Amino acid sequence: MSAQDAVPPAEPMNFAVDLTGHEMTRRAHVMEALGADWDPVAAVRGEEEAYDLLYSGLDEEQQRIYDTLVTAGVLPRRGSGRAAD
């Protein structure tokens with residue numbers, strides 16, 4: 001029987017793949033790669049500091065765009081609402 005002659009099934013087939021075991025292995029590899037000295041609180045703190053630097057020292061036009069993005073919900077409001085804070 002060739003692919004051209006194949007008759008599709010009358011009903012859709014149930015097809016499921018359980019990736020639970022693979023996901024647990026992936027998570028174990030991620031944690032191993034991060035190392036025992038990884039500090040998630042310090043990582044988040046570093047990200048916050050990076051965002052503060054990213055949005056600091058904006059000129060008027062950049063500040064206007066930042067405010068527009070905050071109002072649209074694209075960016076979270078930081079500090080007192082001024083990007084330079």
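Quantities reported herein were computed from a predicted structural model and do not represent experimental measurements.
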Nearest heavy atoms of Trp38 and Ala43, plus distance in Å | NE1-CB, 4.1 Å
Got a second to check how far Arg64's CZ is from Leu69's CG, nearest 0.5 Å?
-> 9.5 Å
Enclosure of Glu23 CD (heavy-atom neighbours >12, cutoff 6.0 Å) | yes
Could you walk me through whether Met31 and Arg27 pass the side chain to side chain contact (heavy atoms under 4.5 Å, CB included) check?
-> CA-CA 6 Å; Met31 295 307 293; Arg27 289 181 185 189; 5.5 Å; no
Taking only Lys NZ, Arg NE, NH1 and NH2, and the carboxylate oxygens of Asp or Glu, determine whether Glu48 and Arg45 approach each other closer than 4.0 Å.
-> no
Nearest 0.5 Å, what's the CG-OG1 distance between Leu19 and Thr25?
-> 11.0 Å
Nearest-0.5 Å distance that lies between atom CD1 in Ile65 and atom CD in Gln62 = 7.5 Å
Closest non-hydrogen atom pair, Leu58 against Tyr55 | CG-O, 3.6 Å
Is there a path from Val70 to Val74 through hydrophobic residues (I, L, V, M, F, W, Y) whose side chains come within less than 4.5 Å of each other?
-> yes
Which distance, rounded to the nearest 0.5 Å, do you find between the CD of Gln63 and the OG1 of Thr68?
-> 10.0 Å
One should read off an interatomic distance between Asp67 CG and Arg77 CZ, to the nearest 0.5 angstrom, of 6.5 Å
